Every structure is written in C-alpha cells, then in structure tokens.
Q: 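This is the structure, below, for whatever I ask next.
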Amino acid sequence: GDNNYVETQVTTAVIGIFKTDGTLKTIRNATFATGAAKELTMSVKSGESLVYVVANVDVSLFDKVNNLTEFKNVALQLDQSVIPMVGNTTAIIIANATVSYPVYLSRMVAKVSVSKIELELANNGYPNATLNVDKVFLHNAAGTSTIDLKTSNLLTGLDTPGLMNFKADYFGAYERHYFYSFESKLRLVIGGWFKDAGRTPIYTYYPVDIDAKHNNHYALTVKIKGLGVENPGDNWEASGNLKLIMQVVDWESNPIDKEF
C-alpha cells in the first residue's frame, strides 16, 4: 500500500558546486529517465568543493542563486506526488582527471501512515457505542521548507486536499493511509461520528502528536476505546476507569414519640 514508486524516484536534480567559503563555482541541472542511472559528469575547477544536490524540485527556483547561502535559502513547496530529496558531500577535484563521489539523497519530508484502526469501545464503558470514521488528516503540517530543513507555511489539513485522506472503509482490509510533511511538530487526526446507544451522535477527533523528522516513517496503529476531543487542535487527555458499586443503605432511624 505504500507509494514506493514516488518515494524512491529521482526525476530531476539541481547540482550546486561551491568553494569552501560558499562562493559559487557552478550550478547544473539534470533530468533522469525512469530506470536510468542517476549519474552526471561535469567540469569543475580543481580544488576542494562543497557539492549539494536537490532532487525532484522545480529547477528554475535556483536560477538566480549566487552563493551557498542563497542556495540553502530557496523555499520549496511540498507536492504530495513528488518527494523532494537533498544530499551533499565534499569533493576534491583533481586537474585533468575524473574523480567519482557518491551523494546519498535523503527525503526532505517525513512520512506518516495509518495501517490499522481498531475499536475497543465495548470493553471500556461503551457497550452500545459505534464510531463512523470518515476522514484522516494532518494538522499543523509544514508545506514549505528550505534544504536545511527550516520550515514555514503550516497547514491545518481541515480544508487542504493534499493533507486529507478519504476512504470507503477505515476498518477493513485497505491500502495504508499515508501523508508527507516537511519537518514540524504535526499531528495526525482521525475524525468520525461517535454514537452511544440512543443519544445524539457527536463528531469527535482523535489526535496523535508527532515530532516529525525528515526521512523518517511514522507508522501508526490506532486503538480507539472512548470519546475523542471536540476540536482537532485540542489536547487529548487519557481517561481512567471508574467502577461504581451501588448499594441501598439502611434507613436512618428517627423515632418520634408523641402524646395527646
């Protein structure tokens, strides 16, 4: 159920070569066909060089870059169908020779997925309750980032299509629900109608807070045992069990003696 093709694919790359003081040597763009080797040979002045590669982004965003600081400060937008990646290395360029260096690319986004939602209402004080989950979404996700992982443009997910996940069945056999976000203190939220016996249904949210780091996959299995919170931004507090033992107490004795 994972989006393996998108998560491992490199289609474009921007390669920035800089002197150790951040001065620009050269910038090159590359496009790779599906299945082709992700390799590029380019002419670079000799000496020690800082090499930065940014993959799967709009290469035109780097057209006006003049130094390493400007290269790092280019703001990238998150597209759920493309995974931006970044990597760097230090290379020693030798005159009149070809040197090879690997650049290991890591995804600039975190992945959050929900593989299973289970209900355990009956054994936790809600024997006649049901929950109809109709959406799963990210809240407080970062939609913009620079390559040094500084993020901005937080999205609520309440009205952002790319951060919503609608499925016909959240409890049966289904593909994994997954989302991407730049690094942020985000939360995944499950929303649905909670109905207890003959009472009026209540729309409730179940938030899961995640300190999301890039290139990390947070795979969730969720057990729902009771009522959630009223708003997606509310903090959920754990509940304990209250066992009530009801007994009828004896009459309080109040004798009344009366003479006429």
Side-chain angles (χ1 to χ4, degrees), residues 1-2 109-142 154-214 216-258:
D2 288 338
V109 297
K111 178 181 180 178
V112 181
S113 68
V114 182
S115 58
K116 195 172 187 180
I117 299 175
E118 295 180 328
L119 296 183
E120 294 187 0
L121 299 172
N123 296 327
N124 290 278
Y126 296 95
N128 301 309
T130 59
L131 178 67
N132 179 26
V133 175
D134 62 1
K135 64 172 67 72
V136 178
F137 61 92
L138 291 186
H139 188 71
N140 209 38
L154 296 180
L155 307 173
T156 67
L158 289 173
D159 54 4
T160 307
L163 299 179
M164 301 293 292
N165 202 327
F166 294 99
K167 300 282 186 178
D169 182 6
Y170 284 95
F171 298 99
Y174 53 82
E175 291 186 350
R176 188 192 302 268
H177 310 281
Y178 53 84
F179 305 86
Y180 306 110
S181 169
F182 290 118
E183 290 194 358
S184 65
K185 294 184 182 298
L186 58 82
R187 61 173 43 185
L188 180 132
V189 183
I190 298 168
W193 289 98
F194 187 95
K195 186 175 182 181
D196 188 7
R199 296 183 175 88
T200 302
I202 300 172
Y203 201 89
T204 187
Y205 298 97
Y206 300 88
V208 180
D209 290 322
I210 303 168
D211 188 5
K213 302 299 183 183
H214 80 284
N216 279 263
H217 177 194
Y218 303 89
L220 305 178
T221 57
V222 179
K223 289 184 179 181
I224 295 177
K225 299 182 177 182
L227 194 62
V229 296
E230 185 176 353
N231 302 295
D234 292 345
N235 291 323
W236 184 84
E237 296 181 1
S239 300
N241 294 321
L242 174 63
K243 182 178 181 179
L244 297 178
I245 302 173
M246 287 161 278
Q247 296 178 339
V248 178
V249 300
D250 291 339
W251 293 106
E252 291 289 341
S253 179
N254 290 281
I256 299 176
D257 295 326
K258 182 70 176 177

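Here the structure is a predicted model, which is why all the values come from computation and not from measurement. Computed from heavy atoms alone, side chains included, the values below leave out hydrogens, waters and symmetry copies.
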Q: Under the rule for side-chain contact (heavy atoms from CB on, under 4.5 Å), what residues qualify as partners of A142, not counting sequence neighbours?
A: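 Testing A142 for side-chain contact (heavy atoms from CB on, under 4.5 Å), a comparison that skips the adjacent residues, returns T151, L154, S181, F182, S184.
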
Q: What's the spacing between L121 CG and F194 CZ if we round to 0.5 Å?
A: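 L121 CG to F194 CZ: 5.5 Å, rounded to 0.5 Å.
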
Q: Counting only pairs under 3.5 Å, give me each side-chain donor-acceptor contact of residues 242-250, with atom names and distances, residues two or more places apart or in other chains.
A:
none

Q: According to side-chain contact (heavy atoms from CB on, under 4.5 Å), who are the partners of T221, at least two apart in sequence or on a separate chain?
A: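 Once residues adjacent in sequence are excluded, the partners of T221 under the side-chain contact (heavy atoms from CB on, under 4.5 Å) criterion are S115, K116.
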
Q: Who pairs with H139 by side-chain hydrogen bond (donor to acceptor under 3.5 Å, both in side chains), at least two apart in sequence or on another chain?
A: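 Residues passing side-chain hydrogen bond (donor to acceptor under 3.5 Å, both in side chains) with H139: none at all.
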
Q: Compare every heavy atom of G191 with every heavy atom of Y205, then report the nearest pair and how far apart it is.
A: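 For Y205 versus G191, the nearest heavy atoms are CD2-CA, 4.1 Å.
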
Q: For the residue pair H217 and S113, what are the closest heavy atoms and their distance?
A: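 Closest heavy-atom pair between H217 and S113: NE2-OG, 2.7 Å.
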
Q: Using 0.5 Å steps for rounding, measure from the CG atom of L119 to the CG atom of N124.
A: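 L119 CG to N124 CG: 11.0 Å, rounded to 0.5 Å.
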
Q: Can you tell me how far the CG atom of L155 sits from the CG atom of L186, to the nearest 0.5 Å?
A: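 Those atoms lie 10.5 Å apart.
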
Q: What pair of heavy atoms forms the shortest contact from Y178 to N165, and how long is it?
A: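 Where Y178 meets N165 most closely, the heavy atoms are N-ND2, 3.7 Å.
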
Q: Do I224 and Y206 have side chains that approach each other closer than 4.5 Å (heavy atoms only, starting at C-beta)?
A: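 Contact flag for I224/Y206 side chains = yes.
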
Q: Can you name the residues that form a side-chain contact (heavy atoms from CB on, under 4.5 Å) with A122, not counting sequence neighbours?
A: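 If we apply the side-chain contact (heavy atoms from CB on, under 4.5 Å) test to A122, skipping adjacent residues, there are no hits.
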
Q: Determine all donor-acceptor pairs shorter than 3.5 Å in which one atom belongs to a side chain in residues 125-138; sequence neighbours excluded.
A:
unit_1	atom_1	unit_2	atom_2	d
D134	OD1	Y203	OH	2.5
K135	NZ	Y203	OH	2.9

Q: Could you tell me which residues satisfy salt bridge (charged side-chain N to carboxylate O under 4.0 Å, His left out) with K185, sequence neighbours excluded, listed by chain and number?
A: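 If we apply the salt bridge (charged side-chain N to carboxylate O under 4.0 Å, His left out) test to K185, skipping adjacent residues, the hits are D211.
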
Q: Heavy atoms only: give me the nearest F179-G162 pair and the separation to one decimal.
A: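 The answer is CD2-O, 4.4 Å.
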
Q: So which pairs with a foot in residues 197-208 pass salt bridge (charged side-chain N to carboxylate O under 4.0 Å, His left out), sequence neighbours left out?
A: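 Counting only pairs at least two positions apart or across chains, the salt bridge (charged side-chain N to carboxylate O under 4.0 Å, His left out) contacts touching residues 197-208 are D196-R199.
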
Q: Restricting to pairs with a member in residues 225-235, which pass side chain to side chain donor-acceptor pair (under 3.5 Å), not counting sequence neighbours?
A: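 Every side chain to side chain donor-acceptor pair (under 3.5 Å) pair that includes a residue of residues 225-235, provided the two are not neighbours, is R187-N235, N231-D234.
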
Q: Once rounded to the nearest 0.5 Å, what's the spacing between atom CD1 of I210 and atom CG of N140?
A: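 Reported value, rounded in 0.5 Å steps: 11.5 Å.
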
